Structures are given as C-alpha cells and as structure tokens.
Amino acid sequence: MEALLTQWQRQKLPLLFYASEDVVQVAQSLLGKILVTHFADGLTAGRIVETEAYAGVTDKASHAYKGRTRRTAVMFDTTGTAYIYLCYGLHQMFNVVTGPPGVAHAVLVRATAPLAGAELMALRTGKKLGDSSVARGPGNVGKAFGFHISQSGTSLLGNEIFIADDVFVPDSLLIRSSPRIGVAYAAEHADWPYRFFISGDVHVSGIRRNK
DNA sequence: TCTATGATCCCCT
DNA sequence: GGGGATCATAGAT
C-alpha cells in the first residue's frame, strides 16, 4: 500500500496537464487516471471512469457563468486545484479546476473504480465492502474519498489530494459522451455532449451507462 | 437577516 | 419512478 502511494506520487499529473485551455479534452483525458486522497484517516484511490466538463463563464451549466463569487473564486484564480461545493445540502462535489490563468474551467469527477482503501470507502459511505456503487455518482465520490468543502482550493500538486497517471489507457472504443446530468436549467447548453464515461463499466453512474 | 435553490442519493412503492 | 433528506450559497430585503 505504501509502495503504491509512493508510485502514484511520482506519477502525479503536472500543472501543464490542468492548464490546457480545452476543458472538454481535459475531461476526456481524465478517464483512466487515478484520483488519490491521503488524509489523516487513511488512503483512498480510484480509477476515474466518468467526468463532466464545465466551460467557465460561457457555459450556463457552470457555476462560473454567473460570475465570480466567494465560492467560485477558486475557479477564476487557480488551476490544478480542487473546487469542492455542497449540492442539495448534503453532497460534497469534487471538481478539478483547469484552464489558463483567469479562465474558470472545471471538470466534475462523477465516478471512480476503487483501487485502494476500499474498506475506508465502505466505512465513509456506509456501504458494504465490494459494493460497486461506493464511488458511483458525484455525491458518492465526495463521501468515499472523504472530501469536504473546507478543502476547496487545495492544490492537486500536493500530497493530500492529487491525480496520478499510471500509463493505463482506456480502450478508446469504449469512451462515450452524452449530455450532462441534472443541468436541464442550462437551456441550450444542457444538450452539450460534455459528459464522458467508459461504456459498460459497472462503476459508471446510472443513466446511459451501457451505450 | 431571510428565503429559494440546487452539477444528488436513497428508500419506499 | 417518486418524494424526502438537509444546508451552504447567493441575492434580495
């Protein structure tokens, strides 16, 4: 376990990866990468199987659309950091801030396949060990990895929260896109195919998992 | 201060 | 497949 952590720390994605101006490309590239959190209560890691791109101030579905607020400032001011916010009063949603300086792009991590700390994930979510839904859906990802809104703004170049590339490449034939979930209010932007997932993977959230 | 509102999930039918 | 949970945020008052 310790060896894995050290290996993933060496394979940490560099700032350059996040600084790309193409948030859709970044969202797609994050499929197959490894999300790692290492907090006081332990290590958890999972392979990312589902993401959504949110294209800054031009995207009606993005929190950044309404402009800069105290909550969204981290998207405007940084890149390669965590943007974590509370949804429906109970779900801690984990996003990756991307884009060049001043550009408020973000990628929501919607689902992962557990690789390490499965026991801790089960404990945090109250699910049974081996339940494939433990990090399926953004609310569950938040719980399983132990995210909290107080960690919003944490750099992904540190050792508490980061993303690693172990050179695993998902089968490109299995990568699908679809409209994003739960953004009907975003009018004409609701139909943008900004959700990416690995087709058929049981760790992908419910709708249209197998198409 | 006060109020409406969610980038959701789970449990119950 | 429908509704309740549950609360920080933002904008109005």
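Here the structure is a predicted model, which is why all the values come from computation and not from measurement. Each chain gets a letter, A, B and so on, in the order its sequence line appears, and its residues count up from 1.
- Put simply, CE on Met93(A) is 9 Å from C1' on dG6(B), counting in whole angstrom units.
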Worksheet item: When Watson-Crick pairs (N1 to N3 and N6-O4 or O6-N4) and G-U wobble pairs (N1-O2 and O6-N3) count only below 3.5 Å on both distances, what is the dot-bracket string of DNA chain C, with | for other-strand pairs?
Response: |||||.||||||.

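- A donor-acceptor pair shorter than 3.5 Å can be found between the side chains of His63(A) and Tyr83(A).
- Of the possible polar contacts, one joining the Thr37(A) side chain to the Phe145(A) backbone as a donor-acceptor pair under 3.5 Å is found.
- Judged by ring centres under 5.5 Å apart and planes tilted less than 30 degrees, Tyr185(A) fails to stack against the six-membered base ring of dG6(B).
- At whole-Å resolution of the value, NZ in Lys60(A) and P in dG6(B) are 14 Å apart.
- Side-chain contact annotation: Asp131(A) with Ser133(A), donor-acceptor N/O pair under 3.5 Å present.
- Two residues are said to be in side-chain contact when any heavy atoms from C-beta on lie closer than 4.5 Å; Ile34(A) and Val36(A) meet this criterion.
- At dA7(B), one or more side-chain N or O atoms of His63(A) fall inside 4.0 Å of OP1 or OP2 (strictly under the cut-off).
- Note on ring orientation: taking the six-membered ring where Trp is involved, the planes of Phe94(A) and Phe147(A) are parallel (angle under 30°, cut-offs 30° and 60°).
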Practice prompt. Take Val107(A) and Glu52(A) through the side-chain contact (heavy atoms from CB on, under 4.5 Å) test and state the conclusion after the steps.
Written response: CA-CA 5 Å; Val107(A) 176; Glu52(A) 279 178 3; over 6 Å; no

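- With respect to Asp166(A), the side-chain hydrogen bond (donor to acceptor under 3.5 Å, both in side chains) criterion is satisfied by exactly one of Arg47(A), Gln11(A), Gln7(A): Arg47(A).
- For the residue pair Arg136(A) and Ser132(A), a side-chain donor N or O sits within less than 3.5 Å of a side-chain acceptor on the partner.
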Worksheet item: With the sugar-phosphate defined as primed atoms, P, OP1 and OP2, and the base as all remaining atoms, what B/S/- string results for nucleotides 6-13 of chain C, 5' to 3', for protein heavy atoms under 4.0 Å?
Response: BBSSS---

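- Rounded to whole angstrom, the span from the CG atom of Asn95(A) across to the P atom of dA7(B) amounts to 11 Å.
- Summarising the geometry, the separation between OH on Tyr85(A) and P on dT5(B) is reported as 17 Å, rounded to the nearest angstrom.
- Contact check, Lys143(A) against dC9(B): no side-chain N or O comes under 4.0 Å of OP1 or OP2.
- A tilted orientation is assigned to the rings of Trp192(A) and Tyr194(A), their planes being inclined by 30° to 60°.
- Of the N and O atoms on the side chains of Ser205(A) and Glu50(A), at least one donor lies less than 3.5 Å from an acceptor on the other residue.
- Using a 4.0 Å heavy-atom criterion, one finds that Asn140(A) contacts the sugar-phosphate atoms exclusively.
- Within residues 108-123 of chain A, the residues that place at least one heavy atom under 4.0 Å from DNA chain B are, in residue-number order, Leu108(A).
- By the 4.0 Å N-to-carboxylate-O rule, Glu188(A) lies close enough to Lys60(A) to be salt-bridged with it.
- One atom, CE of Met75(A), and another, C1' of dA7(B), lie 10 Å apart when rounded to the nearest Å.
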